[in-house]
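Heads up, the thing below is written out as structure tokens.
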Protein chains: 2
Amino acid sequence: MTLADVAAHAGVSRATASLVLRESPLVAEQTRQRVLASVEALGYVYNRGAASLRMRRTNTIGLVISGLANPFFADLTEGVEEELRPAGYVVLLANTFDDPAHQDMLIRSMMEHQIDGLLIVAAVDSDAGFVTPLRNNGVPHVMTTRRIRGVHASYVGPDDDAGARLATQHLLDHGARELAYFGGPEHGVARIDRVAAMAALLAENGLEPEPSWTVPSRVSSSEGYAMARKLLEHGPPPEAVICHSDAIAFGLMRALRDVGVEIGTGCRVIGYDDVEHAQAWSPSLTSVSVAARTMGRRAARMLMERIEAPGSSPEESLVLRPSLVVRESCGCRPSSAH
Amino acid sequence: MTLADVAAHAGVSRATASLVLRESPLVAEQTRQRVLASVEALGYVYNRGAASLRMRRTNTIGLVISGLANPFFADLTEGVEEELRPAGYVVLLANTFDDPAHQDMLIRSMMEHQIDGLLIVAAVDSDAGFVTPLRNNGVPHVMTTRRIRGVHASYVGPDDDAGARLATQHLLDHGARELAYFGGPEHGVARIDRVAAMAALLAENGLEPEPSWTVPSRVSSSEGYAMARKLLEHGPPPEAVICHSDAIAFGLMRALRDVGVEIGTGCRVIGYDDVEHAQAWSPSLTSVSVAARTMGRRAARMLMERIEAPGSSPEESLVLRPSLVVRESCGCRPSSAH
DNA sequence: CGGACGATTTAGATCGATCTAAAGGAGGCA
DNA sequence: TGCCTCCTTTAGATCGATCTAAATCGTCCG
């Protein structure tokens with residue numbers, strides 16, 4: 001069932017039938033109706049693959065992400081899809097599970113599928129070279145969420161400096177003096193930037209981060225729990241802790257509860273990402289919100305603009321300012337329910 | 001940069017170069033090396049789109065899902081990807097947000113992209129006709145997680161009858177007499193089946209579900225919270241509640257805490273899906289586990305088998321038996337930490 | 001020495017669309 | 001009538017791979 005069949009059925013040429021499908025104004029109304037009727041009658045399905053070959057454009061964009069199980073990335077993915085779909089693009093998805101070698105393979109696979117552009121949340125320990133195949137083949141690409149040292153590419157991500165300062169300032173306002181930054185991938189740019197921002201702001205107040213609790217970790221709730229339990233064996237927690245992610249914060253809070261520390265008074269906790277469960281937790285979790293869905297949409301939009309721009313557009317970088325969603329875990333009163 | 005260029009560079013024909021790429025044993029070792037060297041030298045990237053046109057196979061499968069923000073589906077998606085990727089398939093993703101009209105569009109879009117097969121978690125209120133385009137065009141497809149009344153198609157999903165019985169029996173064993181099934185889409189097959197199973201088991205014990213709390217809802221934490229708050233205004237909760245999802249259970253538990261009911265004693269709560277946060281909650285949530293990731297893998301495997309099977313294979317149905325993960329919210333002692 | 005045979009290689013058609021350049025047809029005007 | 005538009009339609013090339021059927025080559029055998 002091809003366009004040739006439709007054309008034959010309608011008594012026109014392939015070229016005309018093709019023009020009808022593409023809603024060209026060249027074709028006469030009467031012919032148009034006839035062709036459309038044939039399409040309907042034969043149950044013809046457009047073959048985008050064939051068209052792509054000729055047009056050198058697939059209307060497909062790749063999304064390479066470190067893992068959907070992380071709700072932050074699931075949200076981001078939804079945002080990407082929401083933005084691309086109405087523009088006629090379709091998303092090819094791939095999970096790297098934060099493995100750089102796997103990531104290289106996936107990028108290659110996407111290129112073989114002739115994606116029009118690539119969105120990528122780079123694996124934490126990515127080698128800076130992962131973008132070179134993209135650059136060499138002129139595949140438009142946008143990195144998001146994570147910045148990789150040494151990689152020059154367009155980027156959409158959160159302002160980690162601002163986020164860390166927001167949280168730190170709030171804790172200082174509560175009168176806390178001992179602050180720590182808990183968890184996160186050791187060499188990740190996000191952790192490094194946030195710790196630096198926190199330290200800078202503390203320094204302005206004659207303080208410094210509590211070293212024994214300012215330690216890296218993997219980004220999961222159970223990891224946060226295990227690490228917190230271990231640290232709690234050696235003494236009480238600091239007055240206030242900013243966690244690298246909400247998941248880690250949940251783990252920390254569980255550990256604190258185990259040893260009888262009251263959250264919000266005995267230890268003030270702030271999370272990062274503001275995932276859906278943050279408000280449902282008890283006590284509800286104060287968190288730095290970076291609006292994953294919005295970030296996905298913005299990154300997708302930037303990519304589309306770059307795809308549609310003629311020639312090569314200059315590298316650009318969009319930084320979104322996070323906000324602090326204040327709830328109970330930092331020691332503030334519960335706001336009106338819901 | 002095409003295969004013709006590679007062939008020219010290596011001094012062979014396109015046909016030979018093509019054979020090399022496909023690792024055909026026909027071509028002489030020496031020639032093979034030469035071609036491979038040219039591929040390397042020119043930085044050639046295989047054009048799968050062109051190959052697909054000829055081979056009538058894209059190595060792409062579609063995944064149409066109701067929403068990634070639901071961690072259950074995010075897990076399922078990871079499972080699907082894990083299974084398909086090593087087999088050389090790539091996933092085209094689409095979110096329906098449970099809108100049947102949107103779903104029809106997405107299925108059509110996937111067909112235009114010539115997917116080799118389709119995995120679908122149907123929108124709750126899907127019309128039974130959504131599979132007919134697939135059937136008419138001979139696109140292999142497998143439904144998962146949700147069963148739609150009137151749709152005949154291969155299916156991989158949980159045994160809702162067994163799941164509901166598991167939870168119900170556990171609560172009966174605790175001595176509870178007033179049981180309710182709380183939340184879930186009103187006309188969803190899952191809710192209907194589970195309520196029926198619960199009612200049947202209760203009937204064997206001379207009981208029946210508590211009607212005022214056995215009510216439908218949308219599947220979100222805030223929805224569960226709001227509904228529970230409203231019901232609590234009219235009186236105390238039943239002795240035990242099975243929730244349609246963990247998210248709803250979280251909402252319910254928050255509401256119970258608000259009014260001072262102790263979870264596990266004042267009201268026993270069981271969730272459904274066993275999402276990652278279930279164990280991290282406090283009290284930890286007893287939940288019926290249906291292993292979303294495994295289900296995704298099984299569904300993907302079934303689809304691949306159907307794609308690779310010559311001719312049309314008979315409709316098949318794989319039902320996975322859930323298990324009850326016992327934690328604290330049902331009133332059991334906390335098991336050893338972690 | 002001619003022919004058969006196995007091992008390699010290849011020319012040319014093909015998949016299903018789009019694009020280019022030109023053809024066909026109706027009407028207007030001198 | 002003949003010529004020039006303008007509006008529509010179309011034949012044939014093209015995208016980059018694979019497939020079919022046949023060509024080429026060296027060797028071995030009678």
Which is it for B:Arg293 and B:Glu83 under the salt bridge (Lys or Arg N to Asp or Glu O under 4.0 Å) test, yes or no, and what are the steps along the way?
CA-CA 10 Å; B:Arg293 180 179 308 259; B:Glu83 189 76 17; over 6 Å; no

Note: for A:Met1 and B:Arg14 on DNA chain C, the residue whose nearest nucleotide lies more 5' is B:Arg14

More than 12 heavy atoms of other groups within 6.0 Å of B:Glu23 CD = no

note: A:Leu53, atom CG; C:dT14, atom P; distance rounded to Å ~ 17 Å

From CG of A:Leu3 across to C1' of C:dC15 the rounded distance in Å is 14 Å

Here the distance between atom P of D:dG16 and atom CG of B:Leu42, to the nearest Å, is 14 Å

Between side-chain atoms of residues 43-50 of chain B and protein atoms elsewhere (two or more places apart, or another chain), which donor-acceptor pairs fall under 3.5 Å?
residue : atom : partner  : partner atom : Å
B:Asn47 : OD1  : B:Gly49  : N            : 2.9
B:Asn47 : OD1  : B:Ala50  : N            : 3.0
B:Arg48 : NE   : A:Glu112 : OE1          : 3.0
B:Arg48 : NH2  : A:Glu112 : OE1          : 2.5

Result for 5'-nearest mapping on DNA chain C, choosing between A:Gly49 and B:Arg34, is B:Arg34

Tested for salt bridge (Lys or Arg N to Asp or Glu O under 4.0 Å) against B:Glu316, the lone hit among B:Arg301, B:Arg298, B:Arg306 is B:Arg306

Does C:dT8 have OP1 or OP2 under 4.0 Å away from a side-chain N or O of B:Arg32? no

Base, sugar-phosphate or nothing for A:Ala50? Non-hydrogen atoms, less than 4.0 Å.
base

From the list B:Leu3, B:Leu36, B:Thr31, side-chain contact (heavy atoms from CB on, under 4.5 Å) with B:Val20 holds only for B:Leu36

Taken to the nearest whole Å, CZ/B:Arg54 to P/D:dT14 is 19 Å

So, is B:Thr31 close to the C:dT8 phosphate, meaning a side-chain N or O under 4.0 Å from OP1 or OP2?
no

Note to self: Just N and O in the side chain of A:Thr2: are any of them under 4.0 Å from OP1 or OP2 of C:dG16?
What the structure shows: no

side-chain hydrogen bond (donor to acceptor under 3.5 Å, both in side chains) assessment of B:Ser52 paired with B:Gln114: CA-CA 9 Å; B:Ser52 297; B:Gln114 310 296 122; over 6 Å; no

Atom CG of A:Leu26 and atom P of C:dG24 are separated, to the nearest Å, by 19 Å

Give each protein N/O atom lying under 3.5 Å from an N/O atom of nucleotides 25-27 of chain C, with the pair distance.
none

In whole angstroms, the gap separating P of D:dG16 from CD of A:Glu112 amounts to 15 Å

B:Leu19 CG to D:dG16 P, in whole Å, measures 20 Å

Here the distance between atom P of D:dT14 and atom CZ of A:Arg57, to the nearest Å, is 24 Å

message = Can you see if the side chain of A:Arg48 gets near the phosphate of C:dG16 - specifically, an N or O under 4.0 Å from OP1 or OP2?
response = no

message = Whether B:Thr16 contacts C:dT10 is assessed here as follows: a side-chain N or O lying under 4.0 Å from the phosphate OP1 or OP2. Is that the case?
response = yes

Is A:Ala28 touching bases, backbone alone, or none of the nucleic acid, heavy atoms closer than 4.0 Å? sugar-phosphate

| query | Does the distance from a Lys or Arg side-chain N to an Asp or Glu carboxylate O, for A:Arg218 and A:Asp98, drop under 4.0 Å? | reply | no

